[in-house]
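I have placed the structure first, in the form of C-alpha cells, so that the comments after it can refer back to it.
All values below come from the heavy atoms of this structure, side chains included, with hydrogens, waters and symmetry mates left out.
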Amino acid sequence: DNAYVSFTAGGLDLRLGRQPISYGTAYLYNPTDLVNLKQTFDPTYEKPGVDALRIQYFYRGSGNVELVAIPGEELENWDLAVRIRERLFHFDTSALFVIKRDTLAFSAENRRAVGWTFVGSLLGLGVWGEGAYNWMESTRDFSSYVLGLDYTLNSGLYLMCEYYRDELGGTGIEEYDLFDWMRIMQQGGSLGRDRLFIGGNYPFTSLWKGALFSIINLNDHSFALNPWVYWYFRENVEIDITASLPWGDEASEFGEIPRAGLFRVRVYF
C-alpha cells in the first residue's frame with residue numbers, strides 16, 4: 001500500500017509513488033474525497049495507497065497548497081486535485097478543485113468539482129463539515145454535503161452524529177432505479193437524499209471497548225445497526241468483532257442488504 005520516494009526543500013515537499021491520498025473531515029461520508037470509496041460499516045479502516053504525484057508547499061506555518069496528479073490510461077484521463085488549507089477562527093479549513101474521470105458500469109464521463117471542508121470546536125462540541133458541487137459531462141450536475149458534531153462525557157462515553165445530503169438520491173423507494181444501485185456500489189453515496197448517522201462508543205475497561213452506530217435513510221425509513229466490540233488482547237494486538245443488522249421494507253436501501261458479520265485480528269509492529 002505504500003512505496004514512494006520523497007524530496008523536501010524548504011517549504012516544498014514532493015512525493016512520487018504509491019501513497020495514501022485522503023480528503024475530507026467527516027466520519028462516514030466524504031463528498032470531497034473522489035479517490036477513496038469507504039466501507040459503509042467500517043469507514044475508518046485503512047485506505048489503500050494510490051499511485052500518484054503529490055506536491056505540497058507550506059507557507060506561514062499553518063497553510064499549505066497541494067497538487068495531486070493520479071495517472072490514467074491517457075493524459076486527458078488523469079485525475080487532478082488542487083487543495084488550499086488554512087486555519088481560520090480556530091477552524092482548520094480547506095478549499096479544493098478536482099478534475100476526475102468517472103467510470104460507471106460501461107460508461108465514463110469527466111467530472112469537475114469544487115469543495116470545502118472545516119473542522120474545529122464550538123461551545124464544547126466538536127464540529128465538522130464538508131461539501132462539493134459537481135459538474136458532470138453527460139449526467140446531471142449535483143451537490144452533496146455533510147454536517148457533524150461529537151461530544152465526550154466525563155465518563156468516557158463518546159457520542160457523535162452526522163447528517164448527509166446527496167442531491168443524486170431519491171425521496172422514496174419509487175424513485176430508485178438500476179442506475180442508482182450501480183452508482184452507490186461503485187462510487188458510494190446514498191440511495192436516499194437524506195441520511196442520518198448516529199452512535200457512540202464506551203471504554204468498559206482498558207482492554208475492552210464497545211460501540212454502536214446506526215445509519216438511517218430518512219427518505220425510505222430503512223436503517224442498519226452496526227455494533228462493535230474491540231478487545232485489546234495484548235500490546236499491539238487488537239481483535240475487532242462487528243455485525244451489520246439492516247431493517248427496512250422490500251426495495252428500500254437497507255431492506256435489500258443481507259445481514260453480515262466480521263471478525264478481524266490486527267497486529268501492529
When you compare the side chains of Tyr268 and Glu235, does any donor N or O come within less than 3.5 Å of an acceptor on the partner? no
Hey, what's the ring geometry for Tyr59 with Tyr57, parallel, tilted or perpendicular (30° and 60° as the breaks)? parallel
Under 4.0 Å between a Lys/Arg side-chain N and an Asp/Glu carboxylate O for Arg165 and Glu167? yes
Lys/Arg N to Asp/Glu carboxylate O, Asp42 vs Arg264, below 4.0 Å: yes
Carboxylate-amine/guanidinium proximity below 4.0 Å for Arg111 and Glu137: no
Mind checking whether Tyr27 and Phe197 have parallel, tilted or perpendicular rings, split at 30° and 60°? parallel
Regarding Thr242 and Asn226, is there a side-chain donor-to-acceptor distance under 3.5 Å anywhere? yes
Would you say the side chains of Glu256 and Ser252 form a donor-acceptor pair under 3.5 Å? no
Would you call the rings of Trp231 and Trp208 parallel, tilted or perpendicular if under 30° counts as parallel and over 60° as perpendicular? parallel
Students often mix this up, so state it plainly: with edges at 30° and 60°, are the rings of Tyr230 and Trp228 parallel, tilted or perpendicular? parallel
Does any N or O in the side chain of Glu109 come within less than 3.5 Å of the main-chain N or O of Asp102, such that one atom is a donor and the other an acceptor? no
Validation row, ring centre Tyr164 to ring centre Tyr29 under 6.0 Å: yes
Within 45° of the six-membered ring axis of Trp247 and under 6.0 Å from that ring's centre, is NZ or CZ of Arg259 located there? yes
For Asn30 and Glu130, which I'm curious about, is there any donor-acceptor pair between the side chains at under 3.5 Å? yes
Go through it in stages, so that I can follow the logic: the residues are Glu46 and Arg266, the test is salt bridge (Lys or Arg N to Asp or Glu O under 4.0 Å), and I'd like the CA-CA distance, side-chain angles, deciding distance and then a yes or no. CA-CA 11 Å; Glu46 291 95 341; Arg266 305 174 73 178; 2.5 Å; yes
Inspect the contact between Asp220 and Arg193 and indicate whether a charged nitrogen and a carboxylate oxygen are less than 4.0 angstrom apart. no
